[in-house]
Amino acid sequence: QVQLVESGGGLVQAGGSLRLSCVASGSIFSINAMGWYRQAPGKQRELVAAITSGGGTNYGDSVKGRFAISRDNAKNTVTVYLQMNSLKPEDTAVYYCNVVRRVQSGRTYDYWGQGTQVTVSS
């Protein structure tokens with residue numbers, strides 16, 4: 001099992017910045033990838049950014065060049081960050097941390113954070 005605790009959302013003006021954090025604890029040794037998704041009202045959940053255990057990154061087209069994902073490995077926790085710059089009103093959404101575990105059998109498990117609201121005012 002993996003437990004996730006998110007923080008860092010809030011209200012910001014267009015052009016501003018925010019940093020989201022997600023601390024993962026529990027069975028962190030088998031984490032394969034971590035990432036952030038977002039869901040705006042009336043829209044499907046979409047990938048914002050992801051980072052693999054090897055450090056490879058992937059970004060949604062709408063955030064490339066503005067957002068940066070990173071991770072910090074500690075003894076008992078792994079933290080994934082999402083630095084969001086040049087925020088736009090269309091970035092307004094609930095942001096969810098996601099962790100994928102891959103066990104020895106090859107089976108994968110998905111874990112989701114509780115979500116944190118990001119609101120960008122124009």
Side-chain angles (χ1 to χ4, degrees):
Q1 292 291 324
V2 174
Q3 293 77 46
L4 302 175
V5 178
E6 300 177 14
S7 61
L11 173 65
V12 65
Q13 287 189 329
S17 298
L18 281 175
R19 189 175 81 155
L20 305 183
S21 301
C22 176
V23 180
S25 60
S27 300
I28 61 171
F29 57 90
S30 55
I31 288 177
N32 186 52
M34 305 179 75
W36 292 91
Y37 288 71
R38 68 186 181 188
Q39 187 166 20
K43 294 189 177 181
Q44 288 189 327
R45 191 172 294 190
E46 64 174 358
L47 172 71
V48 178
I51 185 167
T52 67
S53 56
T57 58
N58 184 35
Y59 293 92
D61 288 341
S62 62
V63 306
K64 285 179 181 176
R66 300 188 297 122
F67 291 10
I69 190 169
S70 61
R71 61 188 284 172
D72 180 45
N73 298 324
K75 182 178 180 181
N76 295 313
T77 60
V78 179
T79 302
V80 61
Y81 301 98
L82 184 67
Q83 178 65 44
M84 304 185 292
N85 300 323
S86 302
L87 282 161
K88 304 176 180 179
E90 50 264 43
D91 294 318
T92 295
V94 178
Y95 284 69
Y96 296 92
C97 177
N98 169 258
V99 164
V100 178
R101 281 182 64 214
R102 185 182 298 276
V103 298
Q104 262 192 328
S105 66
R107 182 173 176 177
T108 60
Y109 297 85
D110 269 89
Y111 300 87
W112 293 91
Q114 77 277 12
T116 185
Q117 178 70 46
V118 171
T119 303
V120 184
S121 63
S122 57

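Along the sequence shown, residues are numbered consecutively beginning with 1. Keep in mind it's a predicted model, so treat the numbers as computed, not measured.
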Closest heavy-atom pair and its distance - Ala24, Ile31: CB-CD1, 4.1 Å
Single-linkage hydrophobic cluster Ile28~Met34, side-chain heavy atoms < 4.5 angstrom: yes
Euclidean distance, Thr92 OG1 relative to Gln117 CD, rounded to 0.5 Å: 7.0 Å
Donor-acceptor side-chain pairing of Arg101 and Tyr111 below 3.5 angstrom: yes
Nearest atoms (heavy-atom pairs only) where Asp91 meets Arg38: OD1-NH1, 2.9 Å
Any side-chain heavy-atom pair of Tyr59 and Arg66 under 4.5 Å: no
Contact check, side chains of Trp36 and Met84, non-hydrogen atoms, under 4.5 Å: no
Side chain to side chain, Thr108 and Asn32, heavy atoms closer than 4.5 Å: no
Straight-line distance of Thr57 OG1 to Arg71 CZ, nearest 0.5 Å: 12.0 Å
Contact summary for Ser17 and Ser86, nearest pair of heavy atoms: OG-N, 4.4 Å
Joint hydrophobic cluster, Val2 plus Ile69, side-chain heavy atoms closer than 4.5 Å: yes
Shared hydrophobic cluster, Leu47 / Tyr96 (ILVMFWY, side-chain heavy atoms < 4.5 Å): yes
Gln104 side chain reached by Ser30 side chain, heavy atoms, under 4.5 Å: no
Distance-minimising heavy-atom pair for Cys97 and Val80: SG-CG1, 3.9 Å
Distance (rounded to the nearest 0.5 Å) between Gln13 CD and Ser122 OG: 9.5 Å
Heavy atoms of other groups near Gln44 CD, more than 12 under 6.0 Å: no
Exercise: identify the closest heavy-atom pair between Asn98 and Asp110: ND2-OD2, 2.9 Å
Spacing of Thr79 atom OG1 and Leu4 atom CG [to the nearest 0.5 Å]: 10.5 Å
Considering all heavy atoms, the nearest Leu87-Leu18 contact: CD1-N, 3.8 Å
Side chains of Val99 and Val78 in contact at under 4.5 Å (non-hydrogen atoms): no
Ile51 CD1 to Ser70 OG distance, which is reported to the nearest 0.5 Å: 6.5 Å
Interatomic distance, Gln114 atom CD to Cys22 atom SG [nearest 0.5 angstrom]: 8.0 Å
Geometric class of the Phe67/Tyr95 ring pair [parallel <30°, tilted 30-60°, perpendicular >60°]: tilted
Donor-acceptor contact present, side-chain Glu6 to main-chain Gly115, <3.5 Å: yes
Side chain proximity check, Ser62 to Glu90, heavy atoms < 4.5 angstrom: no
